[in-house]
Amino acid sequence: MPLDTEPLFPVSVEPDAWRHFPRAMRRWSIGLLLDRVAKPLDRWRACVRNTLGTAPYRRDPAATILADGQGCVVAVGDFRGRTGLSRAAQYESNKLRLRHPGLILLDLSRQPDGSAAVSARDLPLPVSCIYLLCEPQRIRRALRMFRPEQLAGARRIGLWAWENEVFPRAWHFALKLVDEVWTPSAFSSLAIRSASPLTVKVVPHNVAVDRNVAAARRADFGVPERAFLGLAIMDIRACPERKNPWAHVAAWQKAFGFSADHVLLMKVRCSDRTRIVERELEEMIGQAGNIRLICRDFTDAEQLAFQRMADVYLSLHRAEAYGLNIHEFLELGTPVVATHWSANAEYGPAYRHYHGVKASLVPYEDWMRHFSDRRFHWADADTDHAARLLRQVTHDKVREPGQTASHPAAAFAAAAAG
């Protein structure tokens with residue numbers, strides 16, 4: 001997205017807050033109140049811990065960077081987690097292996113036996129290059145796997161992604177720890193470039209899906225084989241408003257009503273604080289049997305098989321730093337109906353089966369106060385337009401086995417550079 005363009009959508013300064021007033025009242029609890037009160041203090045404490053804990057690892061501008069072959073090349077990330085960030089780390093590590101055949105991977109995840117992550121303090125050589133494939137909040141844990149002197153001559157590259165144009169204050173400590181930042185979208189780069197003179201490169205994720213994985217059995221989810229099946233996948237443990245699950249239910253109901261031949265499966269991950277959203281969605285769904293919630297974790301293999309079932313993927317998010325699920329479904333050849341805003345607006349139009357949903361930009365408002373800074377806008381998808389696109393997908397019948405619209409690398413690179 002060019003840096004000097006006007007917003008794609010008109011800004012609404014008067015969101016219809018009263019419409020959700022009864023629901024907002026039900027959300028309040030003693031636990032949520034305590035969480036809201038404690039959150040600023042928790043953020044401050046985390047910032048202090050990160051700043052002090054990483055002080056010995058701050059990069060020295062005068063230090064000599066080791067040349068290739070003079071040391072180890074290491075990538076650190078949460079490679080076994082079940083989040084989009086973990087999958088992104090896996091994609092990047094696969095790409096880095098091609099560049100560095102001797103790449104050493106260090107996993108931040110807990111080991112299968114429950115023990116702590118492995119240490120890198122006994123590497124035979126100093127580190128010449130380290131890729132930190134994790135968000136800044138986990139860099140302290142990543143760096144403490146090493147002795148400070150092991151990284152003294154290392155080139156440090158961080159892979160970061162952010163969902164709005166305001167760089168988080170809690171990440172400022174990390175600007176002193178890396179030489180360069182990679183980010184997967186031009187949208188995500190805006191905030192990082194505004195906060196630091198560091199080199200920021202737009203490096204889209206190297207999404208490569210396995211098309212040989214068999215689809216899960218629809219019968220296991222109570223879905224008729226001949227039904228038109230939509231999927232929505234979202235993690236709402238921290239910020240339900242950003243993923244906007246309520247819009248998914250509204251758009252599907254506007255498109256298909258209670259038709260049993262049109263089924264939407266919503267895979268949702270909740271926390272104790274956001275469990276109320278599950279009840280709100282059930283209330284919206286009511287007696288309709290064509291929208292169902294799936295609130296359990298999948299293994300990597302189960303997730304792939306689940307994705308393969310879809311006739312359409314629906315994502316009416318408010319902002320995405322990349323939107324890994326969106327890109328994966330596009331690579332699978334599955335039609336995608338998604339809010340045409342933020343990162344997916346960069347790569348989505350390169351696919352014939354991408355359907356961008358019109359939206360308006362509205363001021364940030366979030367009952368969980370997930371983002372500490374409120375000086376930004378995000379998108380509010382037009383559910384009427386989403387419903388029309390969903391009906392269009394059912395009628396077009398554009399999806400054929402084995403047919404995928406390839407992603408023009410040159411066009412994407414040009415868009416990312418912009």
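In this chain, residues are counted from 1 in sequence order. Scope of the values below: all heavy atoms of this structure, side chains included, with no hydrogens, waters or symmetry mates.
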Anything under 30° is parallel, anything over 60° is perpendicular, the rest tilted; go ahead and classify Phe298 against Phe306. perpendicular

Does [X] pair with [Y] as a salt bridge, N-O distance under 4.0 Å?
| X | Y | result |
| --- | --- | --- |
| Arg242 | Asp380 | no |
| Lys243 | Asp235 | no |
| Glu278 | Arg275 | yes |
| Asp366 | Arg369 | no |
| Lys95 | Glu92 | yes |
| Arg156 | Glu180 | no |
| Glu163 | Arg318 | no |

Are side-chain N/O atoms of Trp160 and Glu135 paired as donor and acceptor at under 3.5 Å? no

Are a donor atom and an acceptor atom from the side chains of Gln307 and Tyr313 found within less than 3.5 Å of each other? no

Could you work out, with side chain to side chain donor-acceptor pair (under 3.5 Å) as the rule, every residue matching Ser86, not counting sequence neighbours? Asp78, Thr83

Kindly check if the number of other-residue, nucleotide or ligand heavy atoms within 6.0 Å of CZ (Arg147) is above 12? yes

Does any part of the side chain of [Y], heavy atoms only, come nearer than 4.5 Å to the side chain of [X], both counted from C-beta?
| X | Y | result |
| --- | --- | --- |
| Tyr131 | Ser93 | no |
| Phe187 | Glu346 | yes |
| Ile294 | Met266 | no |

Approximate separation, where rounding is to 0.5 Å, of Leu177 CG and Thr54 OG1: 4.5 Å

Pairwise distance NE2(His205) to CH2(Trp182) - rounded to 0.5 angstrom: 12.0 Å

Are His377 and Tyr364 near enough that their ring centres are under 6.0 Å apart? no

